[in-house]
Structures are given as structure tokens and as C-alpha cells.
A.B. asks: 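Structure provided below as C-alpha cells; questions to follow.
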Amino acid sequence: MELSFEQMYQAIIDKDVNYEGIFFTAVKTTGIFCRPSCTARKPKPENIEFFKSTKECILHGYRACKVCHPLEMLSETPLYVKEIIAELSADPSIKFKDYDLRQRCIEPSQLRRWFMKNHGMTFHAYQRMFRINSAFKKIQNGASVTDVAFNSGFESLSGFGDSFKHIFGVSPKNSKEQSMIDLKRIETPLGTMYACAVPEGVCLLEFTDRKMLETEFKNLAKALNGTIVQGDNPHFPLLERELQAYFEGRLKEFTVPLFTPGSDFQNAVWRALREIPYGQTRSYKQQALHIGKPEALRAVANANGMNRISILVPCHRVIGADGSLTGYGGGIWRKKWLLDLEKQQH
């Protein structure tokens, strides 16, 4: 998909995030380069040249823009937020109050805005979610509700019970039949992703701007009779390491365990996706033949679209019969990026 100068210029005028990772804008008059969605003032067309990578920009003598930070991952979590989240992971009972944040030279309103934008909740709500997540797992493992409540930083049993019920819909003592689905943000060169995992394995990996994400969350929670809550999971560290290696071109097969609730037919389609070799593609018709259902072309395409685990279950490797890049939940530009990455390393 070769873009014309006019298409790329229009993209930067529109600050279009759909072109992230496809090209970079270098400004001759200032000597800086930007990502397509940069909010800085746009130069005249004659003062611009476009490059496919940050490396090309640097080799041509340009330096990174301080507004859009093109050398960083899109929507990357700031270091000070990473440090706070790491501390919460180590001890969910910690309570960061506004005073504590100011002592670290962090403005509470700035942190609140970041969490609202990236998590849909305030920082204090995020802390409560983390504490409740930890408490749920302890109760599931046999700890007493009273001990868990006070060890999790709650000042009263009633406050703990109200917070617990608000999230899970049941009281702590009636939560044995419920399940927990852990949620984490993971940054990648193609933008931020949400990962969900249960004890059996990773059950969701999607880009945060996917249009059907809310529906996927609801369907997953219903399928597992569970509640999706911010928290740690033993599968997340391996998932993050393998994703990083994949994006760096060092990994072709993922080993992190997956858990894919769905019908027998859907799971057959998802298994077939994982059997498409790295760096290769198949059409929907070839996929239907592969699972022994040549007449089920439409059903195969539908099951392909229902895949909740992007990249690891590589639905991006399925293309149209004519070789065109058909629909992809994460955006066609990401599909092209992933296929180009795999072809380069194949």
C-alpha cells in the first residue's frame, strides 16, 4: 500500500492515528521529525519530506519532535506512572494520597487525567480496583474475609463489602462461584493493547482503540462468569516478553498459554489460524479447506472475526482471495505492518 505525498500530507493535517507506524514526517525548516498524529503546527508541503522509519529520519539528520515523541511507543506509560503501578503490584494495600503524590513532584490532577484517558477511571479508583483484585484472589484461596479486608488497606468491613459488591455484584462471602479476569495495559510499537488472563492462560489481547472492544469484554465476562478487573496475572510477564521479542523480529512462535472459550467450530478455526506459518498468508477459502469445511466459508470468516487474541492467534495472516488486505479489527494499517514485519524476518 504505497501512499502518495498528497495522502500522507492530508493524514498529518487530519492528525490521523490510522497512519501511525506507516510513515514519519520530516520538516526541512526545523530539522525535526514527527509521527503522523502530531498536534504541532503543520508546515507547508514544500518544507516536508516523508520517511518510512525513524532510522531513516535520523540518518538524514533529523531529530525527534518533543511534542509527539516519535521514538517512543504510541501512548506509552510515563515512567512515573510505571513506578507507581509497580509499587501497587508489589503491595496492593498501599494508598497513594494526593499529599504522597506531591511529595514525589507529581501533580494529582495530571495523574488523574492520565488514568481517566487510558483506564477510564481516576487514579484513586484504580488503586481500589487493584486492592479488590488482590482481596478476591485471597478469599478464593481460603483466607477469611475479615483478615483480607484489613490487610488490603480498608478501614472497615462494611467499606470493604460495599466496594467488593460494587465491582463483583456479590458480597465477599458469596464470591466463591465468581471468577476473576485480570486486565493489564501493554504498550507495543503499534499502540497500546489490553490483555486479559485467567489461571488457564491469556484469554484476550486487543488494541485499545478497537471498536468492538466493549462488546468483547462483555462477551468474555459472560462466557467465564467472571469480572474483568485491573490486576496482575502470572501469564502477563511471559506475554510481555514474547510480544517484545516478536515486535523486534526475534520470535516467531508464542509459548504463553492461551484460553479460548468458544464453540467447537470457533476453536477449530482459531487453531487453524495458529497453524498458518509465520511470514505466510492464507485466504478464507484455504482456511475453510484446512479445517475440512469447504462449504463454510462465511462461517469461517465470522469465527475469524470473533478471535479475541490478536497477534498470538494470527488472524492478520488471513487475506482476500485476490490478495487484498481484508478487514482487521485493529485496523488495516496494523495488518500491513504485521505482515511486513513477518515477511522481512521470514
Side-chain angles (χ1 to χ4, degrees), residues 1-8 10-11 16-23 36 52-53 188-191 193 202-213 215-216 219-220 223 242-243 246-247 249 251-254 258 260-346:
M1 185 174 63
E2 286 296 324
L3 297 173
S4 67
F5 185 96
E6 290 72 21
Q7 285 176 302
M8 289 186 281
Q10 188 60 50
D16 195 337
V17 296
N18 288 320
Y19 290 88
E20 286 291 340
I22 302 297
F23 68 85
K52 291 184 178 180
S53 69
T188 79
L190 292 184
M193 303 186 82
V202 173
C203 53
L204 181 143
L205 182 67
E206 291 284 19
F207 290 99
T208 56
D209 57 3
R210 178 175 165 81
K211 293 180 181 179
M212 295 292 290
L213 188 59
T215 301
E216 287 195 347
N219 291 341
L220 181 64
E242 291 197 337
L243 275 176
Y246 169 82
F247 279 112
L251 183 134
K252 298 182 178 181
E253 288 189 27
F254 293 91
L258 304 184
T260 56
S263 68
D264 290 344
F265 180 81
Q266 286 174 326
N267 270 287
V269 172
W270 298 335
R271 280 194 300 273
L273 287 173
R274 298 181 72 184
E275 290 167 1
I276 302 176
Y278 180 97
Q280 298 183 29
T281 57
R282 284 184 188 158
S283 67
Y284 291 108
K285 183 176 182 180
Q286 288 173 319
Q287 283 294 86
L289 289 168
H290 185 75
I291 64 170
K293 302 281 185 180
E295 75 289 348
L297 188 61
R298 188 182 296 272
V300 166
N302 184 57
N304 201 68
M306 295 293 285
N307 170 38
R308 302 184 190 94
I309 307 177
S310 297
I311 301 177
L312 281 67
V313 179
C315 51
H316 61 273
R317 294 176 191 163
V318 178
I319 60 175
D322 59 355
S324 62
L325 300 186
T326 52
Y328 182 63
I332 294 295
W333 70 277
R334 286 192 176 109
K335 183 168 186 165
K336 180 183 183 301
W337 195 100
L338 293 168
L339 291 175
D340 286 347
L341 168 72
E342 294 182 1
K343 287 176 184 175
Q344 290 169 9
Q345 304 300 326
H346 184 53

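Source: prediction; values computed, not measured.
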A.B. asks: For residues 301-315, please give each side-chain donor-acceptor pair under 3.5 Å, one per line with the distance, not counting sequence neighbours.
C.D. replies:
| residue | atom | partner | partner atom | Å |
| --- | --- | --- | --- | --- |
| N307 | OD1 | I309 | N | 3.0 |
| N307 | ND2 | I309 | O | 3.3 |
| N307 | ND2 | V313 | O | 2.9 |
| R308 | NH1 | P261 | O | 3.1 |
| S310 | OG | L205 | O | 3.2 |
| S310 | OG | E206 | OE1 | 2.8 |

A.B. asks: Identify the two heavy atoms, one from V318 and one from S283, that lie closest to each other, and give their separation to 0.1 Å.
C.D. replies: CG1-C, 4.1 Å
A.B. asks: Listing request: all salt bridge (Lys or Arg N to Asp or Glu O under 4.0 Å) pairs with a residue in residues 315-326, at least two apart in sequence or in separate chains.
C.D. replies: R317-E342
A.B. asks: Working to the nearest 0.5 angstrom, can you tell me the gap between W270 CH2 and T260 OG1?
C.D. replies: 6.0 Å
A.B. asks: Would you call the rings of Y278 and Y246 parallel, tilted or perpendicular, where under 30° means parallel and over 60° means perpendicular?
C.D. replies: perpendicular
A.B. asks: For a quick test of reading the model, state the closest non-hydrogen atom pair linking A272 to I291 and the distance between them.
C.D. replies: CB-CG2, 3.6 Å
A.B. asks: Just how far is it from atom CD of Q344 to atom CG of L339, taken to the nearest 0.5 Å?
C.D. replies: 11.0 Å
A.B. asks: Could you tell me the separation between the CG atom of L258 and the CZ atom of R271, rounded to the nearest 0.5 Å?
C.D. replies: 12.5 Å
A.B. asks: Using a 4.5 Å cut-off on heavy atoms from C-beta on, say whether the side chain of E216 contacts that of L220.
C.D. replies: no
A.B. asks: Taking the side chain as every heavy atom from C-beta outward, state whether M193 and F207 have any pair of such atoms under 4.5 Å apart.
C.D. replies: yes
A.B. asks: Can you confirm whether Q287 sits close enough to I276 that some side-chain heavy atom of one is under 4.5 Å from a side-chain heavy atom of the other?
C.D. replies: yes
A.B. asks: Roughly how far, to the nearest 0.5 Å, is the CD1 atom of I22 from the CD atom of Q7?
C.D. replies: 11.5 Å
A.B. asks: So do the side chains of R282 and P277 get within less than 4.5 Å of each other, counting heavy atoms only?
C.D. replies: yes
A.B. asks: Say you draw a straight line from CD of E275 to CD of Q280; how long is it, rounded to the nearest 0.5 Å?
C.D. replies: 13.0 Å
A.B. asks: Nearest 0.5 Å, please: how far is CG in L190 from CH2 in W337?
C.D. replies: 5.0 Å
A.B. asks: Verify the neighbour count for atom CD of E253: are there more than 12 heavy atoms of other residues, nucleotides or ligands below 6.0 Å?
C.D. replies: no
A.B. asks: For the residue pair A299 and F265, what are the closest heavy atoms and their distance?
C.D. replies: O-CE2, 3.6 Å
